Amino acid sequence: MKALQEKIHEVGRVLSADVLKVDSFLNHQIDPQLMKEVGEEFANRYANEVITKVLTIESSGIAPATFLGLTIGAPVVFARKKQSLTLTDNVYTSEVYSFTKQESNKISVSRDFLTADDNVIIIDDFLANGEAVKGLVDIVNQSGAHLVGVGIVIEKGFQQGGKLLRDQGLRIESLARIKSLENGKVEFFEDGEF
Ligand code: G4P
Ligand code: NA
Ligand code: NA
């Protein structure tokens with residue numbers, strides 16, 4: 001997606017050979033116009049599918065997921081990372097391991113908002129090692145819903161998550177696929193390049 005790649009070139013900051021900071025439009029401040037276009041792009045890529053629910057994880061997945069939900073007219077559910085007072089036993093849960101933080105966290109989604117009747121798309125801001133998406137896929141499987149595919153705003157193609165999930169037969173659509181962050185420079189894969 002051209003507008004997204006341009007934005008990353010313009011304001012993204014390469015913190016190291018594997019971390020890209022995009023706080024100014026995705027992870028802290030949000031650019032609503034760009035997120036609207038991101039939502040529309042996900043909708044276009046999955047235009048041939050019936051989607052009844054958009055599933056993401058708090059916090060940074062919520063903005064892109066919500067604009068997709070708005071575009072296709074489907075509700076958006078976000079998995080919670082913290083145990084909620086009012087969300088206790090009626091939940092699906094999964095463990096998500098973070099290589100960055102070297103800790104495992106429980107995520108949960110209420111059974112009220114995901115059922116076997118749903119056709120689900122999973123949305124997230126970043127795809128690195130794929131642990132968050134794996135946890136969300138686990139929750140979709142527990143619910144008996146049908147998983148249509150995954151939409152990612154920024155995939156770090158030099159990490160293993162994308163390959164791992166595609167090898168399982170999942171459809172993954174990433175709007176920007178980073179080939180390398182070496183030498184402080186962002187290099188993208190072109191469409192169709194792997
Ligand atoms: P994984 O799910 O693909 O295995 O990712 P990992 O554990 O490595 O990532 C942990 C957190 O760091 C996630 O956010 C993920 O989105 C984010 N992340 C991973 N790589 C990058 C990167 O290069 N740049 C930025 N900006 N973020 C990255 P989170 O902790 O769940 O936080 P949030 O959703 O509340 O923002
Ligand atoms: Na995220
Ligand atoms: Na994030």
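All figures in this text were calculated on a predicted structure; none of them were measured in a lab. Indexing begins at 1, ligand by ligand and atom by atom, following the structure's order.
Under a 3.5 Å cut-off, the side chain of Lys53 and the backbone N or O of Ala74 do not form any donor-acceptor pair. At least one donor-acceptor pair closer than 3.5 Å links the side chain of Glu58 to the backbone N or O of Lys81. In terms of modelled atom types and a separation under 3.5 Å, the side chain of Tyr92 and the main chain of Leu114 share a donor-acceptor contact. In this structure a side-chain-to-backbone donor-acceptor pair under 3.5 Å is present from Gln142 to Thr93. Proximity of a side-chain donor or acceptor of Ser16 to a complementary backbone N or O of Asp18 within less than 3.5 Å is detected.
Neither the backbone nor the side chain of Val96 has any atom closer than 4.0 Å to an atom of ligand 1 (non-hydrogen atoms only). The part of Asn27 lying near ligand 1 is the side chain, judged by heavy-atom distances below 4.0 Å.
Under a 4.0 Å criterion applied to the non-hydrogen atoms of Asp18, ligand 1 contributes the atoms 23 (O). Heavy-atom contacts of Asn129 reach the following atoms of ligand 1: 1 (P), 3 (O), 4 (O), 8 (O) (cutoff under 4.0 Å). Under a 4.0 Å criterion applied to the non-hydrogen atoms of Ala132, ligand 1 contributes the atoms 2 (O). Close approach of ligand 1 to Ser98 (heavy-atom distance below 4.0 Å) involves ligand atoms 7 (O), 10 (C). Near Ser59, meaning under 4.0 Å from any of its heavy atoms, are these atoms of ligand 1: 33 (P), 34 (O), 35 (O).
At least one N or O atom of Ala128, backbone or side chain, sits closer than 3.5 Å to an N or O atom of ligand 1. Among the atoms of Gly130, some N or O lies under 3.5 angstrom from an N or O of ligand 1.
Going from atom CD of Glu40 over to atom OG1 of Thr71 covers 5.0 Å, rounded to the nearest 0.5 Å. The CD1 atom of Ile51 sits 10.5 Å away from atom CZ of Phe42, with the distance rounded to the nearest 0.5 Å. Arg111 contributes atom CZ, which lies 10.0 Å from atom CD1 of Ile139 (distance to the nearest 0.5 angstrom).
The closest approach between a heavy atom of Val133 and any atom of ligand 1 is not below 4.0 Å. The closest approach between any non-hydrogen atom of Gln159 and ligand 1 is not below 4.0 Å.
A cation-pi contact, defined as under 6.0 Å to the ring centre and within 45° of the axis, is absent between Arg177 and Phe158.
For the pairing with Ile121, the side chain to side chain contact (heavy atoms under 4.5 Å, CB included) check across Leu55, Leu68, Val150, Leu147 returns one residue only, Leu68. For the side chain to side chain contact (heavy atoms under 4.5 Å, CB included) criterion with Leu4, the lone passing option out of Leu34, Val22, Leu26 is Leu34.
Checking Phe126, Tyr97, Phe78 against atom 15 (C) of ligand 1, the nearest heavy atom belongs to Phe126. Relative to atom 10 (C) of ligand 1, the option among Val19, Val153, Thr56, Thr100 with the closest non-hydrogen atom is Thr100. Selection from Lys81, Glu103, Lys21, Arg13 by nearest heavy atom to atom 31 (O) of ligand 1 gives Lys81. Of the candidates His28, Lys156, Lys101, the one placing a heavy atom closest to atom 30 (O) of ligand 1 is Lys101.
When the N, O or S atoms of Asp124 are ranked by distance to the Na ion (ligand 2), OD1 comes first. Closest to the Na ion (ligand 2) among the N, O or S atoms of Asp125 is OD1.
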